[in-house]
Undergrad: 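Dropping the structure in here first, questions after.
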Amino acid sequence: MSSPDHKGLRFSGVTGNRTSWAVILAGLVSLVALACASEGGEPEDTSTPQPSPMATFLASTPASSAGETPEPTATSEPTATPTATSATPDPDEPDVTLDAKAAELAGIGDAVSEIRELSAGGEPNVSLVGKERIAEELAEDLEDPEVLEEIADLEVLFKLLGLIPEDASLLEIERKLLEGAVVGLYNHETGELLVLGGGDDVSVKEEAVYSHEYAHLLQDVNFDLSELFESAEDDSERTSALQALVEGEATFVEAVYASQRFVPEDLDELLAVDPADLAALQATPDFLLLAFGWPYTAGFGFANSIWQDGGMPALDAVWMDLPETTEQIIHPEKYRADEYPEAPPSLPALADVLDEGWSVRTEDVLGEAFLSIWLEALGAEAAVAAQAAAGWGRDGFLLLDGPANESGLGLLIEWDEPGTDALQFSAAFEGVLD
């Protein structure tokens with residue numbers, strides 16, 4: 001599903017498209033932790049940052065072999081000093097002026113450009129803001145009637161699948177998350193980069209977030225994120241795969257940056273969590289935490305795998321030939337083999353089969369990532385859930401409304417090997433049913 005994505009202790013993301021406003025997670029902090037966990041005061045940079053056990057990673061995230069950390073090459077133009085823009089700090093925070101930090105942020109941008117071997121091509125539009133400003137930016141989507149309709153459909157689906165409580169409001173869950181753990185975003189419709197900030201110096205956390213968001217800016221300038229998301233908006237699997245590429249590559253770049261710049265002492269600040277933010281996360285259903293985090297964890301594995309095949313030019317090539325499904329993100333070898341279903345399976349006319357008064361509310365595809373997260377959220381071990389979903393071939397579902405406020409779901413999954421994959425999924429599903 002093309003639902004929002006998130007998980008963890010710190011959030012960041014890309015906005016400007018209703019399926020792509022979201023977040024970065026504890027997994028990223030874990031990548032930074034791994035990068036900083038060298039002996040002595042200097043960080044090691046001899047291997048590509050790998051996912052750390054500190055994070056809750058889907059077991060289906062590819063385990064890539066170690067490779068050399070990409071050495072920055074001076075192929076990109078120097079990054080211009082960020083343009084100072086008016087900030088709207090949190091009332092509890094001191095006023096923030098960008099001028100005091102402009103040189104430091106410009107240096108971070110230069111370093112990210114060198115790592116990713118891409119140029120920003122001009123002055124970035126940067127604002128250091130309070131939490132309220134970032135939450136307002138993200139909450140604009142929640143005023144869009146189409147977004148509200150999609151959230152209502154997702155709420156019905158999630159409840160039918162046992163993923164959120166029957167009395168829960170998905171809209172309110174999302175609102176609370178937007179009010180809490182958000183530390184940065186890049187709006188690809190306006191070109192504005194927002195980072196939660198305070199004080200006169202760039203903190204370690206601000207530096208990490210800025211490196212991630214600057215990677216999004218480079219993606220937008222060089223590959224046009226708005227056009228890519230618009231071209232994928234009618235296909236939820238393509239949208240989810242694109243989101244994973246966007247966030248996974250930025251997480252990869254940030255991890256490389258951290259391996260070169262951060263030291264073990266930086267971990268205390270990176271791992272610090274505001275109690276209010278932590279409370280919001282702890283109140284969020286497990287499925288949403290897993291689903292929101294998936295683009296960052298699985299996307300990191302995909303980007304790492306592609307980079308090991310051919311460095312940054314290989315990642316550039318992916319933007320010209322985008323992954324089509326979450327299956328291709330989870331299994332990069334299927335992306336390389338160009339393996340994806342041409343269309344969802346044909347479902348029977350369930351509204352005609354049921355009693356009079358039933359109608360189709362919406363229809364869509366779940367995808368391999370959703371199936372895996374569904375099983376894990378219901379209680380399966382991550383490795384079991386990932387293996388059970390790994391034989392996915394294609395699927396389709398119908399949500400139906402009944403004449404007396406009933407809801408129904410019809411789901412058809414086709415497997416690569418029906419004799420083994422279907423049985424494996426069925427066994428895992430039966431194992432978690434209450």
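Keep in mind that what you see is a predicted model, and the values were worked out from it rather than measured.
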Undergrad: Does the Glu269 side chain pair with the main chain of Val204, one donor and one acceptor, at a distance under 3.5 Å?
TA: yes
Undergrad: Looking only at side-chain N and O atoms, does His331 offer a donor or acceptor that is under 3.5 Å from a partner on Glu368?
TA: yes
Undergrad: Looking at Lys159 and Asp167, is there a salt bridge between them, counting it only when a charged N and a carboxylate O are closer than 4.0 Å?
TA: no
Undergrad: Measure from the side-chain N and O atoms of Gln219 to the backbone N and O of Val246, and report whether any donor-acceptor pair falls under 3.5 Å.
TA: yes
Undergrad: Does Glu237 use its side chain to pair, donor to acceptor, with the backbone of Thr326 at less than 3.5 Å?
TA: yes
Undergrad: Calculate, to the nearest 0.5 Å, the distance between atoms CG and CG belonging to Asp364 and Asp235 respectively.
TA: 8.0 Å
Undergrad: I need the single residue from Trp294, Phe252, Tyr335 that forms a ring-ring contact (aromatic ring centres under 6.0 Å, His included) with Phe302. Which is it?
TA: Tyr335
Undergrad: Give a yes-or-no answer on whether the side chains of Thr239 and Glu233 include a donor-acceptor pair shorter than 3.5 Å.
TA: no
Undergrad: Would you call the rings of Phe425 and Phe429 parallel, tilted or perpendicular, taking 30° and 60° as the class edges?
TA: parallel
Undergrad: Any side-chain to backbone donor/acceptor pair from Ser305 onto Gly301? Under 3.5 Å, distance only.
TA: no
Undergrad: How many angstroms lie between atom CG of Leu289 and atom CD of Glu376, to the nearest 0.5 angstrom?
TA: 11.0 Å
Undergrad: Indicate the ring-plane relationship of Phe287 and Phe158, choosing parallel, tilted or perpendicular according to the 30° and 60° boundaries.
TA: perpendicular
Undergrad: Using a 3.5 Å distance criterion without hydrogens, assess whether the side chain of Asn222 forms a donor-acceptor pair with backbone atoms of Leu218.
TA: yes
Undergrad: Is a donor from one side chain sitting under 3.5 angstrom from an acceptor on the other, for Trp415 and Gln424?
TA: no
Undergrad: Give a yes or no answer on whether the side chain of Gln328 reaches the backbone of Glu339 with a donor-acceptor pair at less than 3.5 Å.
TA: yes
Undergrad: Determine which pairs satisfy side-chain hydrogen bond (donor to acceptor under 3.5 Å, both in side chains) with at least one residue from residues 389-409, sequence neighbours left out, and list them in order.
TA: Arg361-Asp401, Trp392-Asp395, Arg394-Glu414
Undergrad: Flag the pair Glu172 and Arg175 as a salt bridge only when some basic side-chain nitrogen lies within less than 4.0 angstrom of an acidic carboxylate oxygen.
TA: yes
Undergrad: Below 4.5 Å, heavy atoms only, C-beta onward: do Ser113 and Tyr214 meet side chain to side chain?
TA: yes
Undergrad: State whether the number of non-hydrogen atoms from other residues, nucleotides or ligands found under 6.0 Å of Glu333 atom CD is greater than 12.
TA: yes
